[in-house]
Every structure is written in structure tokens, then in C-alpha cells.
Amino acid sequence: MSNSNHYEPPSVWTWDAESGGKWASVNRPIAGPTHEAELPRGKHPLQIYSMGTPNGQKVTIMVEELLALGVTEAEYDAHLIQISEGGQFSSGFVELNPNSKIPVLLDTETGSRVFESGAILFYLAEKFGKLLPKDAAARTEVMNWLFWLQGSAPYLGGGFGHFYFYAPEKFEYPINRFTMEVKRQLDVLERELAENRYLGGDEYTIADIATWPWYGNLILGEAYNAGEFLQVESYPNVRRWAAEILERPAVQRGRKVNRTWGEPAEQLHERHDASDFELKTQDKLDAQTTEEAKK
């Protein structure tokens, strides 16, 4: 391994706001709001403030799955928070999530704020009695995998994804370090899914909903352009699980919500009604704008 990029830490660290690559603006060494701004409020009981990142997809997939199960009380408004523009640092957002990270949920029926994606999934599963086993042993196994994901995904996103794909410069040591860990995690999943249809057993649960946006997208070659690098074909059971979940209509809907990149037909910047999937994806809005411009 080359030592040509040796770094000697200073006696006292100082913040260089220009460093960090594409997503440098989302991180800073202090908490709290940077500006005053209220959050919008929609008509439904559940208000989601998010962006269609893997963490954001967890929650919108969850509510779409609940609606698919007939839980009409899970109707929701999904408001777009542009994290690259600092929307998560508004006073309204920080009031709901002092950690300034998406997603965050406001339940207007109870007045509860719920932040951290795993906590939101658990809250919704408890509130509506769905997608989390009642049996103590089965429930514990699902929670094992939910907490596994919450602890593991930062190595994939903030570790591997950052240094392999987003960092302004490529360095061998961090890429090797986080690649090794991601492949170990994929092997953990591969071994589990060789024995079980889903994470923790034979039922689809919040453990799968939490894990799929990170590791499902990765194993299907949809994250960081890293499929060949990670040899994703060598994890057949993870690929089987990921492909099966992608076939679920609620997953296909939920992954579009608050998404602002990729194919226009896969982008629904905000969701306020079920009809928005048919009428307001970005391809439909672009076509409407084009037609209006011709008049």
C-alpha cells in the first residue's frame, strides 16, 4: 500500500467547510438551526419530511406497505427536504429532529415526533400492528436484524460509498478498509438468507424494509457503480431476496417518493395523495410543462 498521501493531524482540528466532496454541505461540527423556516403541513395524519436516499426510502416504503395492507390510517404527506441545500438545518426541521438528518415523522394525531429511520419503522409497526411479529421469539429476531442494519449501514454509506464513490480524491486505505467490512456484511446476509426467505424468518417485516434500500440496491448494482468491484453476483441468496422485494408494488412506489435523481418516471418529488404516482411523477410534470410551453 502506498504511503504517498501521508497525513499528519494538527494539534487542534479546525473545520474546512470546503472539503468533503459532493455532500460536504450536509455535515458540520455543530448542531442547531442555521435559518428560520417553518415546515409545510399536509392534510394527512402522518407528515414525513425526507429525501429519497436509502434512509428516506425505508419510511416511504413502510407507509406504502401499510396502505397496501389496508391500513387507511397510514395515509401520509411526504415533503421533500433538499439536504444538499441545507433544508434539514431549518428551525422547523431541527424542532422535529435535533440531529438534522432525514427522515423525520410527525404524527399529528399524537403530536409525536419520531426521528431515526429505525425508530420510525418500529413506531409505525407498533401503532398499526403490522410488519412486526407478535410472538416474542420471532419479534426479537426481527429486532436483531433491525438493529444490525442500523449499526451496519453507516459502514456502507458513510464509509464505503463515501470513499469509493463520492470523495473528491481516492485513497487506498479507506477504500480497502470499508470494502472489507461491506463484503463481510454481505456474507452475513448471504448466510442468513440461505436459511430464511426473509431476514429473521419466513415473514416480510420491518427488518427487510430497513435493510433493502441499502443492501438490496447495492446487490442489484444500483448503488455507487460498485457491482463489479464488490462481485455482487457471488451473493446469490442476497440477490434472490433483493429481487423478490423489488417486485413488491409498495416497494416500487415507496422508492420513488422524494426522489430527485434518475429516470423522471422514477421521481415523485412530493407525495400528498395516492393518485400522485399516476399524475405527478417527474416525467408527467415535464410533459405537462412542455405542452404548456407550446401553447
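The CG atom of N237 lies 12.0 Å from the CG atom of L186; values are rounded to the nearest 0.5 Å.
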>> Please evaluate residues E278 and K284 with respect to the criterion salt bridge (charged side-chain N to carboxylate O under 4.0 Å, His left out), reporting the C-alpha separation (whole Å), side-chain torsions for both, the decisive distance (0.1 Å), and the verdict.
In response: CA-CA 8 Å; E278 298 298 324; K284 304 290 197 320; 5.4 Å; no
>> Applying side chain to side chain contact (heavy atoms under 4.5 Å, CB included) to T179 and F229, what does each step give before you reach the verdict?
In response: CA-CA 9 Å; T179 299; F229 182 75; 3.3 Å; yes
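Remark: F165 pairs with Y224, N225 by the side-chain contact (heavy atoms from CB on, under 4.5 Å) rule, at least two apart or across chains. Residues satisfying the ring-ring contact (aromatic ring centres under 6.0 Å, His included) test with Y49, not counting sequence neighbours, are H79. Qualifying salt bridge (charged side-chain N to carboxylate O under 4.0 Å, His left out) partners for E244, counting only residues two or more places apart in sequence or in other chains: R197, R240. With sequence neighbours left out, the salt bridge (charged side-chain N to carboxylate O under 4.0 Å, His left out) criterion links K134 to no other residue.
Residues D77 and H44 have side chains that never bring a donor and an acceptor to within less than 3.5 angstrom of each other. When only modelled atom types and interatomic distance are considered, S91 and E36 share a side-chain donor-acceptor pair under 3.5 Å. Residues D208 and W145 have side chains that never bring a donor and an acceptor to within less than 3.5 angstrom of each other. Side chain to side chain, E263 and Q267 fail the donor-acceptor criterion of an N or O pair below 3.5 Å. Using a 3.5 Å distance cut-off with no hydrogens or angles, the side chains of Y123 and T110 do pair a donor with an acceptor. Checking Y215 against Q185 by side-chain atom types alone, a donor-acceptor pair falls below 3.5 Å. For the residue pair Y235 and D187, no side-chain donor N or O sits within less than 3.5 Å of a side-chain acceptor on the partner. If you check the side chains of N55 and T53, you find no donor sitting under 3.5 Å from an acceptor.
Residue pairs meeting the salt bridge (charged side-chain N to carboxylate O under 4.0 Å, His left out) criterion with at least one member in residues 146-156, sequence neighbours excluded, do not occur.
Salt bridge E266/R255: present, at least one basic N to carboxylate O contact under 4.0 Å. Comment: K101 does not engage E116 in a salt bridge, judged by the lack of any side-chain N to carboxylate O separation of less than 4.0 angstrom. Under the 4.0 Å criterion applied to side-chain N and carboxylate O atoms, K127 and D107 are assigned as salt-bridge partners.
Seen from the ring of F163, R177 does not count as a face-on cation partner, given the 6.0 Å and 45° thresholds. A cation-pi contact, defined as under 6.0 Å to the ring centre and within 45° of the axis, is absent between R271 and F277.
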Donor-acceptor contacts, no H, no angles, side chain residues 149-159, under 3.5 Å, sequence neighbours left out:
from	atom 1	to	atom 2	distance (Å)
Q150	OE1	K58	NZ	3.0
S152	OG	W148	O	2.8
S152	OG	W148	NE1	3.4

